[in-house]
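Take a look at the structure below.
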Amino acid sequence: MTINRSVRFFAVEKLTFIYILITTLIILLLKPDFQVIKDLLRVRLLLASVIVFLAYFNSIKNWWAIRFARFAIIGGMLVYWYPETFDINRMIPNCDHLLAGMEQFIFGFQPALVFMQHFPQHLIGEVLNLGYLSYYPIIGGTSLYFYVKNKKIFEPFFFIVMFSFFCYYLIYIVFPTAGPQYYFQAIGLDQVGTGIFPKLGFYFDKHQELLSVGNHSGYFSQMVHNTQQVGERPTAAFPSSHVGISTLIMFMIIKNRQYFLMAFILPLYTALVVATVYIQAHYVIDVIAGFTTAFTFYFLGSMVYSLFTRRFLGIPELTAIFMKEPAKVRNT
């Protein structure tokens, strides 16, 4: 008896390979510092190797722990992919002046600057900062919920979330925006007050100072402040992925009729959306764009998922990579 064992990559792993390829081409096109190129490509090679190894090992041992690890590694890489957008887009001139100017044209002032000034109450600040902190727990919690509850729902759910993240990150790379907390600090509040929004070019390549807002006396306010000081970068303002991804998740929760989960997350989601402007991480325009792109990326992600999960795709030599069915056993 011989066993023909094929390696099956999950749809989200195929998607990750494509993101690695696209961003690698962008990196080589922009030609950043050689050391930066080397570091970025090293991470890509390492991640691709891990994905291939786990997929191959999983074809030998179909253990639940390996399957779970394959999804967990893909999701866990978000903490790397996000700040990496800054390592790439610092080679492109900053575009915050366009967003701030549009905000001024629409509202006649900067909502991100005025919001906290009008609502300095400690309780409001704590509730909104708690909402902002709930972003990754919402993503991880709902993913784990669907993984345990119904894996047929989980795979498309997780794929669409990751597809949307990758779309947002590609936008951040080609359209660098830092958000009010960086841009206002860079140009000075006096210029903001007069409605003057100069171009900064490559300013953030060497300057990454955050605008300090609020007194950070509250527990959750301090947590947000500490988290931003450690992990934030002057990138990823437009569109707001915080709003986009959380809206996408809420939409898929409702679509799958998980109303109890929806009721639990809804207050956190509402606080999160409002907090993005309140803590000056985003312009209002970013929030609107995040909300609308959530639905666009959902429908695009659904179509791509259907394509990636077809039984046969590509030339015969690559059939094993794209096959949906498990390994077959042939008697000889």
Side-chain angles (χ1 to χ4, degrees), residues 10-13 15-16 64-65 67-79 81-82 123-124 126-169 219-220 223-224 227 239-279 281-282 286-306 308-309:
F10 297 140
V12 75
E13 291 173 325
L15 179 70
T16 303
W64 74 267
R67 292 174 60 86
F68 181 80
R70 291 170 67 182
F71 288 112
I73 288 172
I74 296 294
M77 280 299 294
L78 290 174
V79 300
W81 294 131
Y82 165 68
L123 179 60
I124 292 177
E126 283 295 274
V127 169
L128 295 182
N129 278 282
L130 170 61
Y132 193 79
L133 285 169
S134 68
Y135 179 54
Y136 282 111
I138 286 175
I139 298 169
T142 51
S143 297
L144 186 60
Y145 174 84
F146 284 122
Y147 186 85
V148 173
K149 185 176 179 63
N150 191 331
K151 290 184 177 60
K152 289 184 177 179
I153 296 177
F154 167 76
E155 288 206 29
F157 169 86
F158 189 69
F159 179 91
I160 294 170
V161 169
M162 292 303 302
F163 175 85
S164 301
F165 264 118
F166 288 152
C167 287
Y168 283 124
Y169 291 170
Y219 177 75
F220 295 115
M223 284 187 65
V224 169
T227 301
S240 169
S241 60
H242 275 70
V243 174
I245 296 296
S246 57
T247 300
L248 176 73
I249 288 174
M250 289 296 294
F251 177 71
M252 288 193 285
I253 288 173
I254 295 171
K255 193 173 186 298
N256 287 288
R257 301 180 180 180
Q258 303 298 312
Y259 299 121
F260 176 79
L261 184 60
M262 179 203 71
F264 177 77
I265 295 178
L266 183 59
L268 293 173
Y269 165 75
T270 304
L272 187 158
V273 172
V274 176
T276 56
V277 178
Y278 184 80
I279 70 168
H282 291 280
D286 303 337
V287 174
I288 296 171
F291 185 82
T292 54
T293 51
F295 300 99
T296 302
F297 292 157
Y298 169 78
F299 290 110
L300 287 176
S302 299
M303 289 190 292
V304 175
Y305 179 77
S306 297
F308 279 17
T309 52

Are Tyr135 and Leu268 packed together at the side-chain level, in the sense that at least one heavy-atom pair is separated by less than 4.5 angstrom? no
Phe165 and Tyr169 aromatic ring geometry - parallel, tilted or perpendicular at 30°/60° bounds: tilted
With a 4.5 Å limit on heavy-atom distance, are the side chains of Phe157 and Asn256 in contact? no
So do Phe158 and Phe10 actually touch side chain to side chain, heavy atoms under 4.5 Å? no
Interatomic distance, CD1@Ile74 vs CD@Glu13, rounded to 0.5 Å, equals 5.5 Å
Cation-pi, Tyr147 ring and Lys151 (6.0 angstrom, 45 degrees): yes
So, Phe297 versus Tyr168, ring centres under 6.0 angstrom or not? yes
Heavy atoms, side chains only, cut-off 4.5 Å: are Phe68 and Leu144 in contact? yes
Just how far is it from atom CG of Leu261 to atom OH of Tyr145, taken to the nearest 0.5 Å? 5.5 Å
Evaluate side chain to side chain contact (heavy atoms under 4.5 Å, CB included) for Asp286 paired with Thr276, printing each intermediate quantity in order. CA-CA 9 Å; Asp286 303 337; Thr276 56; over 6 Å; no
Distance-minimising heavy-atom pair for Leu128 and Ala275: O-CB, 3.1 Å
What is the minimum heavy-atom distance between His242 and Leu272, and which atoms define it? O-CD2, 3.6 Å
For Gly131 and Ala271, which heavy atoms make the closest approach, and how far apart are they? CA-CB, 3.8 Å
Kindly compute the distance separating SG (Cys167) from CD1 (Ile245), expressed to the nearest 0.5 Å. 9.0 Å
Under the side chain to side chain contact (heavy atoms under 4.5 Å, CB included) criterion, do Tyr219 and Leu130 qualify, and how do the steps go? CA-CA 9 Å; Tyr219 177 75; Leu130 170 61; over 6 Å; no
Let's go through Leu78 and Met162 carefully: what are the C-alpha distance in whole Å and the side-chain angles of both, what is the deciding distance for side chain to side chain contact (heavy atoms under 4.5 Å, CB included) to 0.1 Å, and is it a yes or a no? CA-CA 9 Å; Leu78 290 174; Met162 292 303 302; 3.7 Å; yes
Taking the six-membered ring for Trp, are the ring centroids of Phe71 and Phe154 within less than 6.0 Å of each other? yes
Could you give the distance from CD1 (Ile153) to CZ (Arg257), rounded to the nearest 0.5 Å? 11.0 Å
Answer whether the closest heavy-atom distance between the side chains of Met252 and Val161 falls below 4.5 Å. yes
Count the heavy atoms belonging to other residues, nucleotides or ligands that lie under 6.0 Å from OH of Tyr136, then report whether that count exceeds 12. yes
Check: Met223 and Asn129 side chains under 4.5 Å, non-hydrogen atoms: no
Of all heavy-atom pairs between Pro239 and Gly290, which one has the smallest distance, and what is that distance? CB-N, 3.7 Å
Heavy-atom closest contact (His282 atom, Ser240 atom, distance): NE2-OG, 3.5 Å
For Ile253, does its backbone N or O pair with a side-chain atom of Gln258 as donor and acceptor, under 3.5 Å? no
Rounded to the nearest 0.5 Å, what separation is found between the CG atom of Leu15 and the CZ atom of Phe159? 4.5 Å
Can you list the steps and then say if Tyr298 with Phe251 is a side chain to side chain contact (heavy atoms under 4.5 Å, CB included)? CA-CA 9 Å; Tyr298 169 78; Phe251 177 71; 3.5 Å; yes
Which heavy-atom pair separates Val243 from Phe291 by the least distance, and what is that distance? CG1-N, 3.7 Å
Pairwise distance OG(Ser143) to CD1(Ile249) - rounded to 0.5 angstrom: 6.0 Å
